[in-house]
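Just below is one structure, and these are the notes that go with it.
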Amino acid sequence: MTSSLTKRIRSIQDSLPESVKLIAVSKKVSVAAMREAYAAGIRDFGESKVQEATSKIEQLQDLSGITWHFIGHLQSNKAKKALSYFQWFHSVDSLKLAQRLNLLASEMGISPKVCLQVKILPDPSKSGFTVSQLLDDLVELNLCQSLQFEGLMTIPPLGLETPEVMKVFNQTRELATKIDRRNLENIKIKQLSMGMSQDYQLAIQSGATMIRLGTILFGERQLESEKDEV
Ligand SMILES: *Cc1c(COP(=O)(O)O)cnc(C)c1O
């Protein structure tokens, strides 16, 4: 019998353009459900808390070919541990964090993939570079040679109307073009990580290449203490 989780995963996968990678956001999701998602074809999982994630990653070590994406706010005292478990960091939200990851990565002899999280609109509940900060910091970021800069990540503020959400995604794409025109050796924007359960179709229309879906795949999570993660 095909479970409803498997059906949801398959129907969303089938609806996505080839150019879009689905990341299954498994924060607060059980290891059993993650195994089911794996069986349905998921190979990219997103987690937002180091502690919870590393425990689950260890329990899933028998599954081969998984790419682990860190999508939450990363505290610098957890950076080293996170680097030994995750291959992607979508939420690099400051020059300081990038430099810390870069130093640790070079010591560890690894080259994690990184997206720079940008706040297109002011949003006190989220971290991220403002557009002007990001443009100012590009030269310094470019010196972080142990990081593989892949692209930009954004999360629109809660409660926007559709046209405003579209605008946030489109402005993120335009910012990517602007960054590419700087011709920095180490920073080429290949990926736009944008779109969650509520807005991924809009994000895809605006050029998203990676979407991060949780609720629409796994169902509602408990909401408590989620705010500080994104
Ligand atoms: C929780 C989370 C998601 C998934 O959100 P859903 O609305 O459940 O799809 C995506 N991105 C980030 C950064 C998150 O923290």
Side-chain angles (χ1 to χ4, degrees), residues 4-5 7-13 15-16 20-30 33-34 36-37 40 42-54 56-57 67-75 78-79 82 85-94 97 101 112-121 123-129 150-160 162 164-165 168-169 172 191-230:
S4 57
L5 173 60
K7 280 189 196 142
R8 284 196 296 274
I9 290 172
R10 295 212 176 127
S11 90
I12 289 175
Q13 283 281 28
S15 74
L16 298 179
V20 177
K21 183 185 282 292
L22 169 60
I23 298 169
V25 175
S26 49
K27 62 189 184 201
K28 299 186 182 169
V29 168
S30 71
M34 291 169 74
E36 210 178 312
I42 295 291
R43 292 295 178 273
D44 292 88
F45 287 96
E47 289 279 346
S48 60
K49 291 214 161 168
V50 176
Q51 189 71 27
E52 175 191 341
T54 54
K56 291 196 286 188
I57 293 171
T67 300
W68 294 99
H69 300 257
F70 192 79
I71 61 171
H73 176 64
L74 183 60
Q75 291 164 295
K78 296 191 180 148
Y85 285 84
F86 288 90
Q87 294 79 51
W88 274 80
F89 291 82
H90 288 245
S91 43
V92 173
D93 52 18
S94 69
L97 177 60
L101 287 171
K113 294 180 189 275
V114 160
C115 292
L116 297 163
Q117 182 173 355
V118 61
K119 269 199 295 200
I120 298 292
L121 296 175
D123 186 347
S125 73
K126 291 192 185 67
S127 49
F129 290 87
E150 290 284 331
L152 300 180
M153 185 274 234
T154 201
I155 306 172
L158 280 175
L160 296 185
T162 299
E164 298 170 306
V165 174
V168 166
F169 291 146
T172 306
Q191 308 287 347
L192 294 175
S193 171
M194 52 189 202
M196 306 175 29
S197 294
Q198 292 298 324
D199 55 19
Y200 73 96
Q201 280 147 327
L202 299 176
I204 291 171
Q205 284 178 48
S206 300
T209 62
M210 304 181 103
I211 57 173
R212 309 175 312 271
L213 304 185
T215 312
I216 201 173
L217 301 179
F218 296 109
E220 291 288 339
R221 299 173 296 270
Q222 299 114 343
L223 284 170
E224 133 270 349
S225 88
E226 204 169 89
K227 211 166 66 187
D228 57 352
E229 295 173 23
V230 292

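Keep in mind the model is a prediction, meaning the values are calculated, not measured. Counting convention: from 1, in listed order, for ligands and their atoms alike.
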Taking Glu47 as the fixed residue, which of Lys56, Lys28, Lys27 is the one that meets the salt bridge (Lys or Arg N to Asp or Glu O under 4.0 Å) rule? Lys56
Would you check whether His90 reaches within less than 4.0 Å of ligand 1, judged by its heavy atoms? no
Using a 3.5 Å distance criterion without hydrogens, assess whether the side chain of Gln87 forms a donor-acceptor pair with backbone atoms of Trp68. yes
Options Ser197, Ala24, Ser26, ranked by nearest heavy atom to atom 6 (P) of ligand 1, top entry: Ser197
Nearest option to atom 14 (C) of ligand 1, as decided by whichever heavy atom of Lys27, His69, Met196 sits closest: Lys27
Quick one: does ligand 1 sit under 4.0 Å from the side chain of Leu213, the backbone, both or neither, non-hydrogen atoms only? backbone
Using side-chain contact (heavy atoms from CB on, under 4.5 Å), reason through Asp44 and Trp88 one step at a time and then give a plain yes or no. CA-CA 10 Å; Asp44 292 88; Trp88 274 80; 5.6 Å; no
Is it the case that ligand 1 has an N or O less than 3.5 angstrom from some N or O of Met153? no
Stepwise side-chain contact (heavy atoms from CB on, under 4.5 Å) test for Lys113 and Gln191: CA-CA 11 Å; Lys113 294 180 189 275; Gln191 308 287 347; over 6 Å; no
Checking contacts here: is it the side chain or the backbone of Arg221 that comes within 4.0 Å of ligand 1, counting heavy atoms only? Could be both or neither. side chain
Provide the number and element of each atom of ligand 1 under 4.0 Å from a heavy atom of Ile155. 13 (C)
Between Ile23, Leu192, Leu22, which is the residue that forms a side-chain contact (heavy atoms from CB on, under 4.5 Å) with Met210? Ile23
Rounded distance (nearest 0.5 Å) linking atom CG of Leu121 with atom NZ of Lys126: 10.5 Å
Heavy-atom distances under 4.0 Å are what count here, so tell me which part of Ile216 touches ligand 1: side chain, backbone, both or neither. neither
Best match, Met194, Arg212, Glu220: closest heavy atom to atom 4 (C) of ligand 1: Arg212
List ligand 1 atoms under 4.0 Å from Thr215, heavy atoms only on the residue side. 6 (P), 7 (O), 8 (O), 9 (O)
Below 30° counts as parallel, above 60° as perpendicular, anything between as tilted: where do the rings of Phe89 and Phe70 land? tilted
